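Bear in mind the structure is a predicted one, so any value in this text is a computation, not a measurement. Note on naming: letters A, B, ... go to the chains in the order of the sequence lines (proteins, then strands), and numbering restarts at 1 for each one.
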Number of protein chains: 2
Amino acid sequence: MEAQRIVDILRNGQLDDTATIQGWVRTKRELKNFAFMEINDGSAMANLQVVVDADFPDYEALLKRITTGTSIEVTGTLIPSQGKGQRIELKPTNLQIYGESDPETYPLQKKRHSFEFLREIGHLRARTNTLGAVFRVRNACAAAIHQFFQERDFLWVHTPLITASDCEGAGELFNVTNFDLKQVPRQENGEVDYSQDFFGKRAYLTVSGQLEAEVMAMSFKNVYTFGPTFRAENSNTSRHLAEFWMIEPEMAFCNLVGDMDLAEAFLKYIFQSVRDRCPEDMEFFNKRIDKTVLATADNIINNQFERITYTEAIELLKKAKKKFEFPVDWGVDLQSEHERYLAEELFKKPVIVCDYPKDIKAFYMRLNDDGKTVAAMDVLAPKIGEIIGGSQREERLDVLEKRIDEMGMPQEELWWYLDLRRYGTVPHAGFGLGFERLVQFMTGMGNIRDVIPFPRAPLSADF
Amino acid sequence: MEAQRIVDILRNGQLDDTATIQGWVRTKRELKNFAFMEINDGSAMANLQVVVDADFPDYEALLKRITTGTSIEVTGTLIPSQGKGQRIELKPTNLQIYGESDPETYPLQKKRHSFEFLREIGHLRARTNTLGAVFRVRNACAAAIHQFFQERDFLWVHTPLITASDCEGAGELFNVTNFDLKQVPRQENGEVDYSQDFFGKRAYLTVSGQLEAEVMAMSFKNVYTFGPTFRAENSNTSRHLAEFWMIEPEMAFCNLVGDMDLAEAFLKYIFQSVRDRCPEDMEFFNKRIDKTVLATADNIINNQFERITYTEAIELLKKAKKKFEFPVDWGVDLQSEHERYLAEELFKKPVIVCDYPKDIKAFYMRLNDDGKTVAAMDVLAPKIGEIIGGSQREERLDVLEKRIDEMGMPQEELWWYLDLRRYGTVPHAGFGLGFERLVQFMTGMGNIRDVIPFPRAPLSADF
């Protein structure tokens, strides 16, 4: 008989139904005349309880082989549970053990393990309650992102991972090379001879797919990326990864207001969708990890986001009856403490700040008529600060060229990007957000390495 | 008024409706008293025709600025079209030009361009009929893949791109490094000192997420990857990319039959879904690129796949009244000509070949009881040959260890992979397929570089 998912049995299983489950034993307790086992198959945090009577064939031999981590298939009948905490349990008629799990060496015993320890056994940690819930939420979040954009007719575009352009994020780039590092070819002047490398020039791992997404938006109007990006930043923090996934929508014929509208609709949709799809997991995070995650989710879902300019934000911060570590003055970038004050304390809901000083923003952001600010926007959320950053892009060729020169960037490398302004240019806008930051925000997990299956960070590329 | 998508207007627009469109001019023709323009917004291959009468305000000045590539917004009324090939057209009441497009230099003129030429202008090529259709089909295909797995409760898992393991694909790996290649640190013995690199050891770009997907399947039962993979293979063919996307489902408590069932259901679902979502684009490919693509799609959708063993396949090939370039004998790998003979000529439908000799397959495939073959399977399709490769994985610790030793691989690097067999091991199976190969197959495009927005290949990493 085909196995059912435990989550479906727990939700919809009827008394006296026959059911087969397959999964891993989480715990076993032996009493005098019977034994309990909790079985988990990853479909939900909750286990299905199996109660084996002592008169079950081969009872003692079987029970000896069943320990935490054992893989098992059980067929039986659903009966009312005598115990607390569950409506039904499974009384087996057939029980097959697939693989044992030596209790002397199996690292996941029934006790609390630190997240640091669990990272060392990254190949087993998804079998714990917390990491199991994280990766179910991660999947629900990822699926909701595709659904959001596909429903709105955005094309998913795959921008390149390997790039020869270092126009963004210089200094934080990983090199990609086919050279034997013991004998890197040199030119006569001693410089590395990249013409002999795989791509015939120096190549890196990308830090953003935005410029290429703009290319695609200039053909299809609305597109989005959802793919890996990289930062060779040597910072061992709880908020940074060397390899992470990003989402970057880009819309042609769109200005900053349209961009803010999309960002707001996006966050509301994703949070609602995960709330609906993973209610038990979200309850768990709220109870065990961070008691504010459900309130924060509801805050995002139910409130119209506040929208203020950077200049207004600076005024509000100056008026604040609060001592900030970093001083506030027009022209400085907002620090996390400022962002959190605005969202958490002042407005008590998400805030979109727009029109930042051009000097603290990227070259491609559209210059406003005041000549001092650009059409950028950041979405600030309570508890986390900046969650989304976006902008209207500079679509005017002459303004963009001037800005590239001002910043000392090489125009010739951006010839194709400039071509987009040369031939049928249109106002366009987009934003970016880090997927792991979003999952971290949603679950309240303290360390970003615990929301991605196999984290990459300085000195850390295990599994 | 908010702009509508041209595809929606062409499908559902009613006479006398008011409509606004935004897009790029594909062609313009001026007659004596009026002018035609074809506008495309990327939502469909078809354009919407706009007819401007000579008495339109500023007619002559406007028309001068409108050339191929110009970006434009038009509001008007839908009227019956006098011309052939379309039901309706737009009679403008308002017309705004966003960006001009100098006809002297715009590379995309109204003529046929070679795909080779279009690759040189990768930032503009999606504005052509063929590449536009490719990228719409690519998106539909990608969306269908997620839908297929999400409907079946598979979790999308993100396996790492940067890896320190070279257990698969040695020799075809890209190095990822943070070293300054002009001064790579050395150990005393002259070897590269990778302990000083970003990850503290030698790191590569992954060639497959399978081993890590197995980790996740051992917690969640059914998972899939859909992400980029890399090959530093110096082969400049029409079927190879240095960077491409792969799909790799993995199922716990599953054998080779379940794996074949999933592969067959997967292909049928994806082809049907793209047929339904992109009928015009698929018609176009069938007409202009490869006259067999619709028949091939229908063949896949409508036929039960033939299933034979490798040993049976060898017998059938030996009996074939056909001269093969590569001789057929038990133990040799099947060549493309053999695969195509089986699928195209003999069975005239997809064929799944299973139970290959162990010596031509990977270390992780499950040894069959005969001791000579492994539980591997390849799906062969007419016109293309192998499209999917999969296997049941070796879940028995002792057998797997022996196999790793036989192949001279380092057990210590695979400690975590072996742990999966040590603690609660279960029969499990999965397969992999290259996403670009699938899109190439589906569209009939001759060169794989034309089904990915920004192809990476030897000496080629533009844009």
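Only the backbone of B:Ile72 comes within less than 4.5 Å of a heavy atom in chain A; its side chain stays farther off. Contacts of B:His158 with chain A are made by both backbone and side-chain atoms, with heavy-atom separations under 4.5 Å. Contact of B:Glu243 with chain A is made through the side chain alone, with heavy-atom distances under 4.5 Å. Heavy-atom distances place both the backbone and the side chain of B:Arg127 under 4.5 Å from chain A. Heavy atoms closer than 4.5 Å to chain A are found in the side chain of B:Ala3, but not in its backbone. Proximity to chain A is limited to the side chain of B:Phe230, based on heavy atoms less than 4.5 angstrom apart. Neither the backbone nor the side chain of B:Phe149 comes within less than 4.5 Å of any heavy atom in chain A. When heavy atoms are compared at a cutoff of 4.5 Å, B:Arg277 approaches chain A solely by way of its side chain, counted from C-beta outward. Proximity to chain B is absent for every atom of A:Thr67, based on heavy atoms less than 4.5 angstrom apart. Residue contact with chain A, scored on non-hydrogen atoms closer than 4.5 Å, involves the backbone of B:Ala217 exclusively. The parts of A:Ala461 that come within reach of chain B are both its backbone and its side chain, each placing non-hydrogen atoms under 4.5 angstrom from that chain. At a 4.5 Å heavy-atom cutoff, the contact between B:Pro228 and chain A is made by side-chain atoms alone. Both the backbone and the side chain of B:Ala164 come within contact range of chain A, judged by heavy atoms closer than 4.5 Å. Only the side chain of B:Trp24 comes within less than 4.5 Å of a heavy atom in chain A; its backbone stays farther off. In this structure, chain B has a heavy atom under 4.5 Å from the side chain of A:Val184, while its backbone stays farther away. Using a 4.5 Å cut-off between heavy atoms, B:Asp197 contacts chain A through its backbone alone, with no side-chain atom that close. Contact of B:Glu233 with chain A is made through the backbone alone, with heavy-atom distances under 4.5 Å.
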Checklist entry - So A:Arg136 and B:Phe220, side-chain contact (heavy atoms from CB on, under 4.5 Å) or not? Walk me through it. => result CA-CA 9 Å; A:Arg136 276 188 299 277; B:Phe220 300 105; 3.9 Å; yes
Next on the checklist: Assess the residue pair A:Phe226 and B:Phe226 against the criterion (ring-ring contact (aromatic ring centres under 6.0 Å, His included)); give the C-alpha distance rounded to whole Å, side-chain angles, the decisive distance to 0.1 Å, and a yes or no.
Outcome noted: CA-CA 11 Å; A:Phe226 189 168; B:Phe226 189 168; over 10 Å; no
Checklist entry - Run the ring-ring contact (aromatic ring centres under 6.0 Å, His included) check on A:Phe174 and B:Phe199 step by step: do they pass? => result CA-CA 11 Å; A:Phe174 284 109; B:Phe199 296 105; 5.5 Å; yes
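A donor-acceptor pair is defined here as one N or O able to donate and one able to accept, closer than 3.5 Å; such a pair exists between the side chain of A:Arg456 and the backbone of B:Ile162. A side-chain donor-acceptor contact under 3.5 Å links A:Arg186 to the backbone of B:Lys182. Looking at B:Trp156, its side chain never comes within 3.5 Å of a backbone N or O of A:Ala142 through a donor-acceptor pair. Remark: the backbone N or O of B:Ala143 is not paired with any side-chain donor or acceptor of A:Gln150 at under 3.5 angstrom.
A salt bridge links B:Asp462 to A:Lys201: one of the charged nitrogens lies within less than 4.0 Å of a carboxylate oxygen.
With contacts defined as side-chain heavy-atom distances shorter than 4.5 Å, the pair B:Leu205/A:Leu205 qualifies. With a 4.5 Å cut-off on side-chain heavy atoms, A:Lys221 and B:Arg5 do not count as touching. Within the 4.5 Å cutoff, the side chain of A:Phe463 has no heavy atoms near those of the B:Val215 side chain.
Of all the listed residues (A:Thr105, A:Leu131, A:Asp102), the one sharing the greatest number of non-hydrogen pairs under 4.5 Å with chain B is A:Thr105.
Taking CG of B:Asp419 as the reference point, atom OH of A:Tyr106 lies at 9.5 Å (rounded to 0.5 Å). Here the OG1-OH distance, from A:Thr68 to B:Tyr423, works out to 13.0 Å after rounding to the nearest 0.5 Å.
For the residue pair A:Thr177 and B:Thr177, the shortest heavy atom distance occurs at CG2-CG2, 4.2 Å.
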